[in-house]
Amino acid sequence: MPTDCISYQTSGYFSTLIQDYLDQKTALRPLYNHFPTLENFEKQITEKQLNFDATNRIPLVQTLKKQYQNIEISDLTKQNIELLALENTFTITTGHQLNLFSGPLYFLYKIISTINLTKELKSKYPTYNFVPIYWMATEDHDFEEINYFNFKGKKFRWNKESTGPVGRLSTEGLTEFFEIYSSELGSSSNANTLKNLFEEAYLKHDNLADATRYLANSLFSAYGLVILDADDAYLKRAFIPYIKEELENQTSYKTVQKTIEELKDYTIQVNPREINLFYIEDNLRERIIFEHNKYIINNTKTSFSKEEILKLLENNPEKFSPNVIMRPLYQEIILPNLCYIGGGGEIAYWLELKSFFEAVNITFPILLVRNSVLLSTEKQAQKADKLGLSWHDLFTKPANLVNKITHKLSPFPIDLTPQKEILEKQFEYLYELANQTDKSFSGAVKAQEVKQKKGLENLEKRLLKAQKRKLSNQLQRVTDLQCELFPNNSLQERQSNFSEFYLEKGEQLVPLLLQKLKPLEMNFNIITI
């Protein structure tokens, strides 16, 4: 079974909104700047050059150097950090939550898409520099979303109390978790590498941000990845005017709400609040609400007058944290960024934001759907061949696949369409008779037609069911294979952790993915490992 790819639009796993974006439907054209083609990056570079405040490069470089001071990095990453000071350097950015031990597989695919795109751009536009950025979502506070990962069908969860931003969360107490996970890995060379990686990242770093930085750096530093924690007072200085605008005028709410009205035919990914900011401290991240001429911190007794909150903003911008609506703006202000790479859900909420960016005069980035991958072992590919299954078959919903294979394996047709056509002709004759006699006879003909058509449909269903029983052994092998490749009837990349495949491929895993994935082709890749 050859390596294959499937378009996102036909995979069955992307929303109508994302399918229409990929098809460049006219109705969505006002919601993005340039579609992600290699040629369109030239326009994006020109626009970003004209619109980006070059003075923001200084705090960016200084902050990155400070964040990397206690970690060993590659010469390429070091060079990329220095290049960010230059006005002909631009970034390609992806972001991800601080999932325990990277969380689902697509963590790798996001970063690899980002690295590979910078390589393509450098080849096309050699007079510019392009730096891959991984934006760590350190300010998120929903710990329940990130405190676990799945390994070989088992969920490994870190049970710990957390109320504030997850990046500041202490890693204390992970030793027991590590011991349980280690016992499942075995004792192979690749297993020992994974154990060492987990131990170095989580047991030798004090908080989740530092642990995640170490992990991502270990996997991708050789390719020049730069990892940014934007939970930083120095970086947030550049964001002060936009936070002030949000507090005083709620521009994001007004503009995004209008865009949502334009997207009424689609499922809306996120809804804006009147103020899209949080107040943040070590053990607290709560919404800022404007009520009765006061800025109230939700679920606390803390409140500020307008003068007080603006003074706090000027002196302590680190106490203000953007939510999902404002975070993209913060990113584009502090980074000389050309493109954001994300999953379908992320791109869907970015499509809500262009009018907001226009209102505050910030260039909207190119939006690229990250690479998606199905990893298959040689053994699984051989099984599929023996069962006569294509990759398109395996992407089919389980019930539909079973029906399709039953029809395919049956020695006789299960489709009773010919019999239905004969029945139609018989009733055509009876309706002609009915037109020549009493109307009550027409009613009797109609009733009999409905009854006999329903009878044939029931026979067809029973015939299909009988064949499923007869072919149960072959069908079980089909469903078993599909369950292996699509755990919990979901995409593998959303369920499995990279460590499961690292056990198989070891250090070859990341280079293999880097070699195979082409971010601008925007297809679902099937890779045999």
Side-chain angles (χ1 to χ4, degrees), residues 3-6 8 11-14 94-116 132 134 136-137 145-158 181 184-185 190-191 193-194 197-198 201 212 215-220 223 225 227 341-347 368-378 380-381 391 394-395 481-519 522-529:
T3 299
D4 202 352
C5 62
I6 293 170
Y8 290 149
S11 70
Y13 286 94
F14 286 82
T94 193
H96 194 61
Q97 295 172 298
L98 306 190
N99 293 76
L100 188 60
F101 210 40
S102 83
L105 260 170
Y106 65 77
F107 169 80
L108 266 64
Y109 307 151
K110 279 184 167 184
I111 292 175
I112 288 168
S113 298
T114 305
I115 292 168
N116 279 347
Y134 162 40
M136 295 195 295
E145 286 188 0
I146 67 164
N147 67 346
Y148 68 92
F149 62 88
N150 298 315
F151 176 75
K152 293 189 173 180
K154 294 182 181 179
K155 179 172 279 191
F156 292 82
R157 184 180 294 278
W158 179 21
Y181 171 56
E184 295 285 336
L185 283 171
N190 290 339
T193 300
L194 287 168
L197 182 57
F198 189 101
T212 305
L215 174 64
N217 182 69
S218 297
L219 293 170
F220 296 107
Y223 310 101
L225 181 69
I227 302 156
I341 298 178
E346 290 174 283
I347 301 305
L368 177 61
V369 180
R370 65 166 171 81
N371 283 124
S372 281
V373 181
L374 174 64
L375 295 177
S376 164
T377 64
E378 290 282 359
Q380 287 168 332
W391 292 119
L394 287 163
F395 269 80
L481 177 60
Q482 191 179 46
C483 286
E484 288 175 19
L485 294 168
F486 295 83
N488 296 324
N489 291 326
S490 180
L491 288 177
Q492 177 195 77
E493 63 182 32
R494 296 177 187 168
Q495 295 289 317
S496 302
N497 181 261
F498 85 95
S499 57
E500 192 171 324
F501 300 91
Y502 195 96
L503 283 179
E504 293 271 341
K505 295 298 289 185
E507 293 179 353
Q508 300 173 45
L509 179 63
V510 170
L512 174 67
L513 293 170
L514 280 157
Q515 177 196 341
K516 296 284 188 183
L517 300 183
K518 310 294 180 191
M522 291 179 276
N523 283 318
F524 208 115
N525 297 268
I526 297 95
I527 299 175
T528 303
I529 59 172

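In this structure, CG on Leu197 lies 4.5 Å from CZ on Phe101, to the nearest 0.5 angstrom. Residue Thr377 holds its OG1 atom at 9.0 Å from CZ of Phe501, rounded to the nearest 0.5 Å. One distance of note links CD1 of Ile529 with OG of Ser376; it measures 8.0 Å at 0.5 Å rounding. Summarising the geometry, atom CH2 belonging to Trp391 is positioned 9.0 Å from atom CD1 belonging to Ile6; distances are rounded to the nearest 0.5 Å. The structure places OG of Ser496 at 10.0 Å from CZ of Phe151, a figure rounded to the nearest 0.5 Å. The distance from atom OH of Tyr109 to atom OG1 of Thr114, rounded to the nearest 0.5 Å, is 14.5 Å.
The closest donor-acceptor contact from the side chain of Asn488 to the backbone of Gln495 lies at 3.5 Å or more, if one exists at all. The backbone N or O of Trp158 lies less than 3.5 Å from a partner atom in the side chain of Asn147, making a donor-acceptor pair. Not a single donor-acceptor pair under 3.5 Å links the side chain of Thr94 to the backbone N or O of Ile111. Between the Gln492 side chain and the Leu375 main chain, a donor and an acceptor come within less than 3.5 Å of each other.
Looking at residues two or more places apart in sequence or on another chain, you find no side-chain hydrogen bond (donor to acceptor under 3.5 Å, both in side chains) involving Asn523. Checked against salt bridge (charged side-chain N to carboxylate O under 4.0 Å, His left out), Glu145 has no partners two or more places apart in sequence or in another chain. Residues satisfying the side-chain hydrogen bond (donor to acceptor under 3.5 Å, both in side chains) criterion with Asn371, sequence neighbours excluded, are Ser113. Applying the side-chain contact (heavy atoms from CB on, under 4.5 Å) test to Asn99 and every residue at least two apart in sequence or in another chain returns His96, Gln97, Pro104, Ile146. Here Ser218 pairs with nothing under the side-chain hydrogen bond (donor to acceptor under 3.5 Å, both in side chains) rule; sequence neighbours left out. Qualifying side-chain contact (heavy atoms from CB on, under 4.5 Å) partners for Thr193, counting only residues two or more places apart in sequence or in other chains: Tyr502. Remark: Ala201 engages Tyr214, Leu215 in a side-chain contact (heavy atoms from CB on, under 4.5 Å) (not counting sequence neighbours). For Tyr181, the side-chain hydrogen bond (donor to acceptor under 3.5 Å, both in side chains) test picks out Ser499, with sequence neighbours left out.
Counting non-hydrogen atoms of neighbouring residues, nucleotides and ligands closer than 6.0 angstrom, the CZ atom of Phe156 exceeds 12 such neighbours.
Scanning all heavy atoms of the two residues, the minimum distance from Ala216 to Leu225 falls at O-CD2, 4.4 Å. Residues Phe149 and Gly103 come closest through the heavy atom pair CB-CA, 4.2 Å. Between Asn525 and Lys516, the shortest heavy-atom distance links the atoms OD1-O, 4.4 Å.
Counting heavy atoms from C-beta outward, Lys518 and Asn116 have side chains that stay 4.5 Å or more apart. Counting heavy atoms from C-beta on, the side chains of Phe395 and Tyr13 come closer than 4.5 Å. Counting only heavy atoms from C-beta outward, the side chains of Phe486 and Leu374 approach each other to under 4.5 Å. Considering only heavy atoms from C-beta on, Phe524 comes within 4.5 Å of Phe14 through its side chain. Using a 4.5 Å cut-off on side-chain heavy atoms (C-beta onward), Leu108 and Phe220 make contact. Looking at Leu491 and Tyr106, their side chains never come closer than 4.5 Å, going by heavy atoms from C-beta outward. Side-chain contact between Leu219 and Phe498 is present, with heavy atoms from C-beta onward closer than 4.5 Å.
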Before giving the answer on side-chain contact (heavy atoms from CB on, under 4.5 Å), spell out for Leu485 and Gln380 the whole-Å C-alpha distance, their side-chain angles and the decisive distance to 0.1 Å. CA-CA 8 Å; Leu485 294 168; Gln380 287 168 332; 3.4 Å; yes

### Task
Could you walk me through whether Ile227 and Thr212 pass side-chain contact (heavy atoms from CB on, under 4.5 Å), step by step?
CA-CA 9 Å; Ile227 302 156; Thr212 305; over 6 Å; no

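Every pair passing salt bridge (Lys or Arg N to Asp or Glu O under 4.0 Å) that includes a residue from residues 94-115 is listed here, sequence neighbours excluded: Lys110-Glu346. The stretch residues 487-504 participates, sequence neighbours left out, in these salt bridge (Lys or Arg N to Asp or Glu O under 4.0 Å) pairs: Arg370-Glu493. A salt bridge (Lys or Arg N to Asp or Glu O under 4.0 Å) check over residues 147-158, counting only residues at least two apart or in different chains, returns the pairs Glu144-Arg157, Lys154-Glu184.
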Show me the donor-acceptor pairs, under 3.5 Å and distance only, between side chains in residues 506-515 and residues at least two apart or in other chains.
none

